[in-house]
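The structure follows.
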Amino acid sequence: MSVKINPMLLNDIEDQIKDLFTGNELISLTNNFANSVGEQVTFQGVGFNSKKDIISRNVSDLSDEAKINFFESLMEIRRVREDPELIDQINRLINSGDQNINEARNSMTKLLDKYPDKIGNIWANAVNSYDNSDYRNSLDSMRLTVELLLKSVLGNEKSLENQKRPLGSFLERKGISSQFRNLFFRTLDMYEKIQNNEVKHDVPDNLGKTEIRFLMNQAVIIIRFIDQINNEAK
């Protein structure tokens, strides 16, 4: 669920933004936004850094989805809003980000179409909950998507925690080496532990938005890997 944005367009926008604000204002804007979404940026003060350094580095520290949201927030500031060319560029940046998000989601939806409808429906609920900042339900639904996919592929009704043995046998039959099986199980094990410790029994207040996005991306990696192996002849 990562988002790719146009780097050349981003650079052009940053060049214009730096001319509209002082160094201290750029520090304040980027730091306040990063704090509001649970992320962190490098430059906390002006120091000997140029305004271009500040805006470029601090924006680059943000996740791509946060970059989109940051520039959306800038359009609410009068001096940005009064520059029609800049507004047009920011809108193009935002629209390109939205397109990439939709492409990634459509790709996952298409991938899950070959499995029982319930799996795709749970995935859709995970996405919708995330969009509405309902992170508890989003992460619960994403975890359930992984669990239901494994049940479908392995032909059993075991919980996610109890799939290690049948999943190991499945991967071995598909010709996955022990080294890569171990790597995959470490990823799956860490995903389960964080879900169980931080999400399963409570609202994930201890997790920032970056961490929540990381968990969702890990789930997508797991789903794609299982699907790819499942559809390889062996």
Side-chain angles (χ1 to χ4, degrees), residues 1-108 126-139 142 203-218 220:
M1 297 179 52
S2 60
V3 183
K4 294 180 181 179
I5 60 179
N6 187 319
M8 294 182 65
L9 181 56
L10 176 61
N11 185 67
D12 287 344
I13 292 171
E14 290 172 346
D15 280 339
Q16 295 178 71
I17 292 295
K18 73 176 175 58
D19 293 332
L20 294 178
F21 299 94
T22 68
N24 283 323
E25 286 174 330
L26 291 173
I27 289 292
S28 179
L29 285 170
T30 53
N31 278 269
N32 288 344
F33 177 82
N35 290 335
S36 73
V37 296
E39 300 190 16
Q40 190 170 10
V41 293
T42 298
F43 293 135
Q44 308 290 317
V46 176
F48 296 102
N49 306 299
S50 69
K51 291 194 291 181
K52 176 64 173 177
D53 288 340
I54 293 169
I55 186 67
S56 294
R57 180 53 185 269
N58 281 6
V59 166
S60 73
D61 288 337
L62 298 172
S63 64
D64 283 344
E65 288 181 44
K67 288 183 180 73
I68 296 295
N69 294 332
F70 172 69
F71 286 109
E72 281 183 326
S73 70
L74 285 184
M75 289 196 293
E76 301 298 320
I77 300 174
R78 176 178 295 180
R79 68 187 84 171
V80 175
R81 198 167 61 240
E82 291 177 346
D83 187 332
E85 182 180 349
L86 178 56
I87 288 294
D88 178 66
Q89 288 182 310
I90 293 175
N91 278 322
R92 283 193 282 124
L93 185 77
I94 292 168
N95 289 334
S96 68
D98 288 342
Q99 181 179 355
N100 282 302
I101 291 173
N102 290 331
E103 287 176 357
R105 291 175 175 180
N106 290 339
S107 174
M108 277 296 293
V127 171
N128 291 335
S129 295
Y130 180 82
D131 287 343
N132 290 300
S133 300
D134 185 357
Y135 299 130
R136 167 66 188 275
N137 281 330
S138 180
L139 292 175
M142 186 62 75
V203 177
D205 292 330
N206 295 327
L207 299 180
K209 192 170 183 179
T210 301
E211 296 164 307
I212 290 168
R213 189 183 299 110
F214 176 80
L215 271 178
M216 295 188 72
N217 286 334
Q218 289 300 105
V220 169

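Treat the numbers as computed from the prediction; the structure is a model and nothing was measured.
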- Pairs meeting criterion salt bridge (charged side-chain N to carboxylate O under 4.0 Å, His left out) with involvement of residues 41-50, two or more places apart: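 Passing the test, one end in residues 41-50: no pairs.
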- Atom OG in Ser36, atom CG in Asn31: separation rounded to 0.5 Å? 11.0 Å
- Nearest 0.5 Å please: distance from the OG atom of Ser63 over to the CG atom of Asn69.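 Interatomic distance, Ser63 OG to Asn69 CG, rounded to 0.5 Å: 8.0 Å.
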- Message: I need the minimum non-hydrogen distance between Val41 and Gln44, along with the two atoms involved.
- Response: O-NE2, 2.6 Å
- Item | Nearest heavy atoms of Ser129 and Ser138, plus distance in Å | CB-N, 3.5 Å
- From the list Asn24, Leu26, Ile17, side-chain contact (heavy atoms from CB on, under 4.5 Å) with Lys51 holds only for Leu26
- Task: May I ask you to decide if Val46's main-chain N or O and Asn49's side chain share a donor-acceptor pair within less than 3.5 Å?
- Result: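 Yes, Asn49 side chain to Val46 backbone: donor-acceptor pair under 3.5 Å.
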- Query: Considering only heavy atoms from C-beta outward, does the side chain of Ile13 approach that of Leu74 to under 4.5 Å?
  - Reply: no
- Query: Going by atom types alone, do Asp61 and Gln40 pair a side-chain donor with an acceptor below 3.5 Å?
  - Reply: no
- Write out all pairs satisfying ring pair (Phe, Tyr, Trp, His ring centres under 6.0 Å) with one or both partners inside residues 11-62, taking only residues at least two apart or from two chains.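 Found Phe33-Phe70.
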- Task: Mark yes or no for whether Asn91, through its side chain, and Ile87, through its backbone, hold a donor-acceptor pair below 3.5 Å.
- Result: yes
- Message: Quick check: do Val59 and Leu10 have side-chain heavy atoms less than 4.5 Å from each other?
- Response: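 The answer is yes; the side chains approach within 4.5 Å.
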- Message: Any heavy-atom pair between the side chains of Leu93 and Lys67 that's under 4.5 Å?
- Response: no
- Query: To the nearest 0.5 Å, how far apart are OG1 in Thr42 and CD1 in Ile54?
  - Reply: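 Thr42 OG1 to Ile54 CD1: 11.5 Å, rounded to 0.5 Å.
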- Task: Kindly give the heavy-atom pair with the smallest separation between Ala34 and Leu62, and that separation in Å.
- Result: CB-CD2, 4.0 Å
- Got a second to check how far Ile55's CD1 is from Lys18's NZ, nearest 0.5 Å?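 Reported to 0.5 Å precision, the distance equals 11.0 Å.
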- Message: As a quick check of understanding, evaluate side chain to side chain contact (heavy atoms under 4.5 Å, CB included) for Gln89 and Leu9, giving each step before the final call.
- Response: CA-CA 7 Å; Gln89 288 182 310; Leu9 181 56; 4.0 Å; yes
- Could you pull out the closest heavy-atom pair between Val80 and Ile90, with the gap in Å?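 Heavy-atom minimum between the residues: CG1-CD1, 4.0 Å.
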- Query: How would you list all residue pairs meeting salt bridge (charged side-chain N to carboxylate O under 4.0 Å, His left out) that involve residues 75-86, not counting sequence neighbours?
  - Reply: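 Only Glu25-Arg79 qualify under salt bridge (charged side-chain N to carboxylate O under 4.0 Å, His left out).
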- Does a donor on one side chain and an acceptor on the other come within less than 3.5 Å for Thr30 and Asn58? yes
